Q: 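One structure, pasted below without further comment.
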Amino acid sequence: MTGSHPTRSRLTAALRPAAFGADPAGERMERIRRSPNFANGVFVNPVGARTAPSGSMLKFASTYFRKEERVRRAPAGTVPVHPTTVADLATPPASGLRLTWMGHSSVLVEIDGRRVLFDPVWGQRCSPFSMVGPKRLHPVPVALRELAPVDAVVISHDHYDHLDMPTIRALVRSHAMFVVPLGVGAHLERWGVPADRMTELDWRESTEVAGLTLTATPARHFCGRGLRNTQHTLWASWVVAGPEHRVYHSGDTGYFPGFAEIGAAYGPFDATMVQIGAYSDYWPDIHMTPEEGMRAHLDLQGGDPAKGIMLPIHWGTFNLAPHPWEEPAEGTVSAAGEAGANVAVPRPGQPFEPGRGLPLEPWWRAVAARPVAKTPAGAEGAAEPTGLTGTSGTTGLSGTTGASGATGGSGVAGGADPAMPIPQS
C-alpha cells in the first residue's frame, strides 16, 4: 500500500504555505509546454531581459538601507485618499468610461456598462507572510464588500504586489470571471476559484466576458512567488475592448519595441495604464522609468500624443525600490509635458472619466519627504480635453480596509519596511 507520508506532508505544507500558490501540472503544464513563448523549460521574454539584480549587491544594500534614502522612499505625511469613492461609483459614468486607481497597479475600469478590476491587492503587505514584506503606505480607498460587483478580475502576473491571496479569496464570492496569463490559474485553483470561472490566456489570445474582448499581450518581465521560481507562469499586459472604448494595462514590464506592435494591432486606446514606479538601475530590463513609461504610452498610441490619456500606475502604495516615493509621479508629469501628452494623476480612489476632465493636481507634493517646488504648467486642478467640466482634486482621508473589508490602521506614513524588495514586483 502506498501513500503520502504524514510527516513529509506536514513538512511540505510548512515549507509551501497557501500564499505561495501552486505549480502548474497535468494538462495545464502540457498547454504551457506547447506555448510558442515557452522554451528550454521556461517562459521567455519577447526581448532578452536580465531578471536578477545587476551590479554589486553590497552597493545596493548600502544605498537601500542608508537612513536618508530610506526616509525618502516613504511619504512624510498621510497620503490623501479620496474620501467618497463608494458614493462616486454609485452613478454610472456618463461618457461610458471611468477609471479609479485604487493604488499601486489596482485599477477599476468601468467600460461600456461593464466593470473590470485589474491586479486587485487589498492586503496590508505584498508578501506571503503577515509580519514581513513591503507594507501598505496608504489605506485602501474602499472595502471590497462595498465595491459593486465586477464582471472580470484581470491579473497581469503572479508577483505578490499584483496577485494577493486574501483579495482573490474575497473576490471568489463576487461571481466575477477571472482572466489570467497562462499557468496563473494553478494559484487561483488552490485558493478556491472554480475552473469554470477562470480563463488562462497566452500572449495574443483573447476571450469574451460580458460583451468585452480581453486580450493578453506581451510584456517584458518575469514571474514567481515560491522558493523555486520555475518561470512556469506567464506575465502579460492586457487590452480590454468594448463596443465604444478600449483600454490597455501594462502590468509590470521593461520597455521594448512590442508596445508599438500592440498599439498597431489593438489601439489606439482611450486610456493606457502604464507602470512607472519601482524602477532601478539594478533591474533596468523589467521595470520602466517614468520617461520610458511615457515612451511606451506614445508607442501604444501610434506616436500621437493627442490620442487618449495615460494613467501612471505601480507607485505610491508600496516601497519596492530605492527611488524617492514621489519621483515616479513627478517624472511622469514632466515627461507628459515634454511630449505634449495627456496624463491623469488622481489620488488613490478618485474616479475620473477621461473624456470629461483629468485630475492633475500634484497632491503628492504636500506629503513628500522632501518638498517639491516645481509645478508643471496646467498641473493645478483638472484638465478638460473635451471642454467639459471634469473632476477636480478633493482633499480628504478615509479609513483603511483589508481584503475582508474590515476597518483598521491609520494610513500614516512610515510604512517603509526593512525587507529588501529585490525585485519581487
Side-chain angles (χ1 to χ4, degrees), residues 17-32 34-35 89 100 102 105-123 128 140 142-217 223 225 232-243 247 249 251 273 402-405:
F20 279 15
D23 292 327
E27 175 52 34
R28 178 177 280 117
M29 192 64 213
E30 288 304 313
R31 184 182 171 197
I32 288 170
R34 294 192 298 268
S35 168
L89 294 176
T100 307
M102 299 295 182
S105 294
S106 303
V107 186
L108 174 67
V109 175
E110 298 168 273
I111 176 170
D112 298 340
R114 303 300 183 183
R115 296 160 63 90
V116 180
L117 187 58
F118 287 97
D119 284 357
V121 174
W122 259 245
V140 180
V142 56
L144 279 177
R145 66 184 179 187
E146 296 177 2
L147 191 66
V150 297
D151 297 284
V153 175
V154 178
I155 304 298
S156 64
H157 63 296
D158 68 0
H159 285 159
Y160 289 97
D161 58 321
H162 297 259
L163 179 61
D164 180 54
M165 180 187 71
T167 304
I168 295 298
R169 284 179 165 173
L171 286 168
V172 171
R173 298 191 292 271
S174 73
H175 303 294
M177 289 294 297
F178 292 80
V179 185
V180 302
L182 197 56
V184 174
H187 301 314
L188 272 58
E189 198 171 77
R190 185 178 185 191
W191 301 335
V193 178
D196 61 357
R197 287 179 49 202
M198 184 193 321
T199 300
E200 296 176 67
L201 298 179
D202 204 343
W203 292 340
R204 302 178 185 86
E205 291 183 343
S206 300
T207 189
E208 299 287 327
V209 177
L212 302 175
T213 301
L214 288 74
T215 304
T217 45
C223 67
R225 53 192 294 125
H232 288 172
T233 59
L234 188 59
W235 48 95
S237 58
W238 289 92
V239 171
V240 176
V247 299
H249 189 285
M273 296 157 273
S404 64

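Please read all numbers here as calculations on a predicted model, not as lab measurements.
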Q: What heavy-atom pair brings V172 and G192 nearest, and what distance separates the two atoms?
A: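 That closest heavy-atom pairing would be CG1-O, 3.8 Å.
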Q: So, the side chain of Y160 versus the backbone of P128: is there a donor-acceptor pair under 3.5 Å, distance only?
A: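 Side chain of Y160 to backbone of P128, a donor-acceptor pair under 3.5 Å: no, none is there.
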Q: Determine the minimum heavy-atom distance between L171 and P120, stating which atoms define it.
A: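 In this case the closest contact between L171 and P120 is CD1-CG, 3.6 Å.
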Q: Please answer whether the main-chain N or O of E110 pairs with a side-chain N or O of R115 as donor and acceptor at a distance below 3.5 Å.
A: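 Flag not set: sc R115 to bb E110 has no pair under 3.5 Å.
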Q: Atom CG in D202, atom CZ in R34: separation rounded to 0.5 Å?
A: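 CZ of R34 is found 10.5 Å from CG of D202.
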Q: Can you check whether G183's main-chain N or O pairs, donor with acceptor, with E200's side chain at less than 3.5 Å?
A: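 Checking the backbone N and O of G183 against the side chain of E200, a donor-acceptor pair under 3.5 Å is found.
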Q: Could you check whether any side-chain heavy atom of M273 comes within less than 4.5 Å of a side-chain heavy atom of V247, counting everything from C-beta outward?
A: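 The answer is yes; the side chains approach within 4.5 Å.
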Q: Please report the interatomic distance CE(M198) to CD(E189), rounded to the nearest 0.5 Å.
A: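 With rounding to 0.5 Å, CE (M198) is 5.5 Å from CD (E189).
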Q: Does a salt bridge link E205 with R31, judged by any charged N lying under 4.0 Å from a carboxylate O?
A: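 Looking at E205 and R31, the cut-off is met.
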Q: If you define the side chain from C-beta out and look only at heavy atoms, does anything of W191 sit under 4.5 Å from T167?
A: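 Contact flag for W191/T167 side chains = no.
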Q: Rounded to the nearest 0.5 Å, what separation is found between the SG atom of C223 and the NE2 atom of H187?
A: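 These two atoms lie 7.5 Å from each other.
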Q: What I want to check is whether the side chains of D119 and S106 have a donor and an acceptor closer together than 3.5 Å.
A: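 Looking only at side-chain atoms, S106 and D119 do not form any donor-acceptor pair under 3.5 Å.
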Q: Between L163 and V184, is there a side-chain heavy-atom distance shorter than 4.5 Å?
A: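 A side-chain contact exists here, since the closest heavy-atom pair is under 4.5 Å.
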Q: I111 versus L212: any side-chain heavy-atom pair under 4.5 Å?
A: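 SC-SC contact between I111 and L212 confirmed.
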Q: What distance do D164 atom CG and R169 atom CZ have between them, rounded to the nearest 0.5 Å?
A: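 It is 10.5 Å, given to the nearest 0.5 Å.
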Q: Verify side chain to side chain contact (heavy atoms under 4.5 Å, CB included) between L89 and L147, making sure each step is shown before the conclusion.
A: CA-CA 9 Å; L89 294 176; L147 191 66; 4.0 Å; yes
Q: Checking the side chain of R197 only, and the main-chain atoms of A176 only, is there a donor and an acceptor separated by less than 3.5 Å?
A: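 Yes.
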Q: Please name the pair of heavy atoms, one in P243 and one in G211, separated by the smallest distance, quoted to 0.1 Å.
A: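 Closest heavy-atom pair between P243 and G211: CD-O, 4.3 Å.
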Q: Parallel, tilted or perpendicular: which one describes the rings of H162 and H157, with boundaries at 30° and 60°?
A: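 Ring orientation of H162 relative to H157: tilted.
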Q: Apply side chain to side chain contact (heavy atoms under 4.5 Å, CB included) to the pair I168 and I155, showing each step before the final yes or no.
A: CA-CA 10 Å; I168 295 298; I155 304 298; 4.2 Å; yes
Q: Do S206 and T213 get their side chains close enough for a donor-acceptor pair, meaning under 3.5 Å?
A: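 Side chains of S206 and T213: no pair found under 3.5 Å.
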Q: Would you check if M102 and W122 make a side-chain contact, meaning some heavy-atom pair closer than 4.5 Å?
A: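 A side-chain contact under 4.5 Å exists here.
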Q: Between H249 and G251 (side chain of the first, backbone of the second, donor and acceptor by atom type, cut-off under 3.5 Å), is there such a pair?
A: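 Yes: the side chain of H249 pairs with the backbone of G251.
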Q: Do W203 and L234 have side chains that approach each other closer than 4.5 Å (heavy atoms only, starting at C-beta)?
A: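 The answer is yes, as the side chains (C-beta and beyond) meet within the 4.5 Å cut-off.
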Q: What verdict does the side chain to side chain contact (heavy atoms under 4.5 Å, CB included) test give for V209 and V179, after you've listed the backbone C-alpha separation in whole Å, the side-chain angles of each residue and the deciding distance to 0.1 Å?
A: CA-CA 9 Å; V209 177; V179 185; 4.1 Å; yes
Q: Quick check against the 3.5 Å criterion: does S237 have a side-chain atom that pairs as donor or acceptor with the backbone of T217?
A: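 A pair under 3.5 Å: yes.
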Q: What do the steps show when you test F118 against L108 for side chain to side chain contact (heavy atoms under 4.5 Å, CB included), and what is the final call?
A: CA-CA 6 Å; F118 287 97; L108 174 67; over 6 Å; no
Q: I want to check something: taking the side chain as every heavy atom from C-beta on, are W238 and V116 in contact at a cut-off of under 4.5 Å?
A: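 W238 does not reach V116 side chain to side chain.
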Q: If you round to the nearest 0.5 Å, how far is CZ of R225 from OG1 of T233?
A: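 So the gap between those two atoms works out to 9.0 Å.
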